[in-house]
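What you see below is based on every heavy atom in this structure, not just the backbone, and it leaves out hydrogens, waters and symmetry mates.
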Amino acid sequence: MHPAPSIIAFTTLSGLGFGLLFWLGLDATPPTGWTAFFFFLIGYVLAIGGLMSSTFHLGRPERAIKAFTQWRTSWLSREAWCAVIALVSLGLYALGLVFFSAHWAVLGWLGAVFCLATVFTTSMIYAQLKTVPRWNHWSTSAMFVAWSVAGGALLSGRVTVALVLIVVAGGLQLWWWQEGDKRLADSGTTLATATGLGTIGTVRAFEPPHTGSNYLTREMVFVVGRRHGRKLRMIAIVLAMLMPVLLLLAPFAHWLAAIAVISHVAGVAVARWLFFAEAEHVVGLYYGAREA
Amino acid sequence: MTTLPDSTTRKLGLVIDLDTCVGCHACVISCKGWNTENYGAPLSDQNPYGSDPTGTFLNRIHSYEVQPDTGPAQLIHFPKSCLHCEDAPCVTVCPTGASYKRTEDGIVLVNETDCIGCGLCAWACPYGARELDAAEGVMKKCTLCVDRIYNENLPEEDREPACVRTCPSGARHFGDFADPDSHVSKLSTARGGMDLMPEQGTKPVNKYLPPRPKDSWQGETDVLAPWLAPIDPEPQGGFLGWLDRALGKLPGDSAGKEG
């Protein structure tokens, strides 16, 4: 799949933002006043910034409001609803904390639940697609949620929780990569089933429909060079997991924590780039891609 | 609404005969022509006369080589357009309700005024049947020529999809699969019409007829063959033979070639 920068920025930043807001909503002794203001500001800038960047890949962004209508069937529509409910309820919750030092706990819990629901619905946009076997698994959602709450814990300064969750998320990520490499083969979809010609003999793509590229080849037949894939996985896991863990284990200092956060975000962004770049869409079979 | 109908009254679709298709791409051109000039946004091209032309098409023809265990390889031309699936994954993922499957005839359509161009339906389709138009920013797909098949302004023989109407080899057939006595249902049953990627669970309406088994050359030489005189490779005797030798002796032939 084509790793569009807008989508990578969206899933990385909004995942982190909703993770932070989740912890702020759950907090039994939340910050108040200016401290609360800055925490919520960071959460909202990340979450809304991510959502805004996701509209950049739309062909018709001016109609984006229509995406709220199909929550009965569409995960994308459900995501839109969850995000709005989370942001509105936590906005009111933040209003209480910042201006009135009032802790409206129930509103915070509601917001926290919908923060998780937003990240989950985002992940389901990908995990629901049978056409991309690498994504079509429950572990895709588990990984998205794990990175989100781990990053949120890190940003909100919960050192112990962050340590545990970052290791869990990193472990999930490694396992997801390893299993994901087998999923296209396990799906049973091949050029033989795609063309129905496998009963005659071995099928080979002989001529594509045209000499140039098209929307499908640009959007869905993209695969990164395997040799870089391995290296990028290492880079992602070092930046997203190992560096933050080492920095958190060191004696606490604000500048160390800041480096941990930056390293973590960069690592998750690299992992997200791979999430798209390595994903094989079955339509590539028709174009002679994906052959071993 | 992007909920799929439980059932449709009719199941309009195509039968594509892989035995008959000659790979001429006439259906590609007629499809592009009709759908650019009629219903919905035109199918745009980008840089059409440049070094890297690209554009939106609703129908594309691949060609595959199939190598059986024994015998020569076969070349099979493979037209591919929307299969108007009964369980169309492209419809349910749509966040705006722009994509829908019609209850009356099963045609999968896009309401272009509702489409936000998010591209998720194209991701959900295993067949590559949907393409986002780069000029219009909305999703384009085969409409089964919905503006031809019910169009009473057209002569009756033209009320079928443009690709079917234009196919010079009769490789494309249009009809109602819900009716077991229809031309397409009978054809599909008789020739073993197959689904593409059945494991994806999309239940495509369009059926593909597999190529018929090829003739074998073993033991099929004509009984009269031994009496057929071999064709004379060069004139050896008579007037033509003399002429050939005489002309060969004259100077003026291209360099290095004798006779």
### A:Thr193-B:Glu199 side chain donor-acceptor pair, cut-off 3.5 Å
yes

### Task
Side chain from CB out, backbone as N, CA, C, O: work out which of these in A:Ala67 comes under 4.5 Å of a heavy atom of chain B, or both, or neither.
both

### Task
Pick whichever of B:Val28, B:Asp52, B:Ile61 has the most heavy-atom pairs under 4.5 Å with chain A.
B:Ile61

### Message
Does any backbone or side-chain atom of A:Arg218 lie under 4.5 Å from a heavy atom of chain B? Answer side chain, backbone, both or neither.
### Response
side chain

### A:Trp81 versus chain B, the contacting section by heavy-atom distance below 4.5 Å
neither

### Message
Looking only at heavy atoms and a cut-off of under 4.5 Å, which of B:Glu136, B:Gln74, B:His77, B:Met139 has the most pairs with chain A?
### Response
B:Glu136

### Message
Suppose we call two aromatic rings close when their centres sit under 6.0 Å apart. Are B:Phe174 and B:His183 close by that rule?
### Response
no

### Message
Taking the ring of A:Phe120 and the ring of A:Trp75, is the distance between their centroids below 6.0 Å?
### Response
yes

#### Entry: Side chains of B:Ser99 and B:Arg130, donor plus acceptor under 3.5 Å
yes

### Top of A:Thr199, A:Leu216, A:Ile65, A:Thr55 for chain B proximity - count of heavy-atom pairs under 4.5 angstrom
A:Leu216

### Interface moiety of A:His281 toward chain B, non-hydrogen atoms closer than 4.5 Å
side chain

### Summary
Okay, B:Pro126 and chain A: the region with an atom under 4.5 Å from a heavy atom over there is both

### Query
Which one, B:Ala129, B:Cys115, B:Gly55, B:Ala98, leads in non-hydrogen pairs under 4.5 Å with chain A?
B:Cys115

### Message
At a 4.5 Å cut-off on heavy atoms, which part of A:Leu129 comes close to chain B: side chain, backbone, both, or neither?
### Response
side chain

### Query
A:Phe275 and A:Tyr126: aromatic ring centres closer than 6.0 Å?
yes

### Message
Quick check on A:Gln128 against chain B: is it the side chain, the backbone, both or neither that has a heavy atom closer than 4.5 Å?
### Response
side chain

### Portion of B:Gln46 that has a non-hydrogen atom of chain A nearer than 4.5 angstrom
neither

### Query
Side chain, backbone, both or neither: which part of A:Leu197 has a heavy atom under 4.5 Å from chain B?
both

### Message
Ring centroids only, cut at 6.0 angstrom: are A:Trp138 and A:Trp176 within range, meaning strictly under it?
### Response
no

### Query
What residue in A:Ser54, A:Ala80, A:Ala192, A:Gly196 has the most heavy-atom pairs under 4.5 Å with chain B?
A:Gly196

#### Entry: Options B:Leu18, B:Ile76, B:Thr202, ranked by heavy-atom pairs under 4.5 Å with chain A, top entry
B:Ile76

### Query
Does a side chain donor of either B:Thr92 or A:Thr73 reach within less than 3.5 Å of an acceptor in the other side chain?
no

### Query
Any luck finding a side-chain donor-acceptor pair between A:Thr118 and A:Thr121 under 3.5 Å?
no

### Query
Is it true that B:Arg102 and B:Asp105 make a salt bridge, defined as a side-chain N closer than 4.0 Å to a carboxylate O?
yes

## Note on the structure
chain A shares the most heavy-atom pairs under 4.5 Å, among B:Leu132, B:Thr54, B:Val93, with B:Leu132

### Region of A:Ser187 that comes under 4.5 Å of a non-hydrogen atom in chain B
backbone

### Task
Compute whether any side-chain donor of one residue and acceptor of the other, for B:Ser81 and B:Tyr127, lie under 3.5 angstrom apart.
no

### Query
So which part of A:Ile125 gets closer than 4.5 Å to some heavy atom of chain B, the side chain, the backbone, both or neither?
both

#### Entry: Toward chain A, the part of B:Cys118 with a non-hydrogen atom under 4.5 Å
both

### Query
Does any donor atom in the side chain of B:Asp133 or B:Ser44 lie under 3.5 Å from an acceptor atom in the other side chain?
yes

#### Entry: Aromatic contact, B:Tyr208 with B:Phe78 (centres under 6.0 Å)
yes

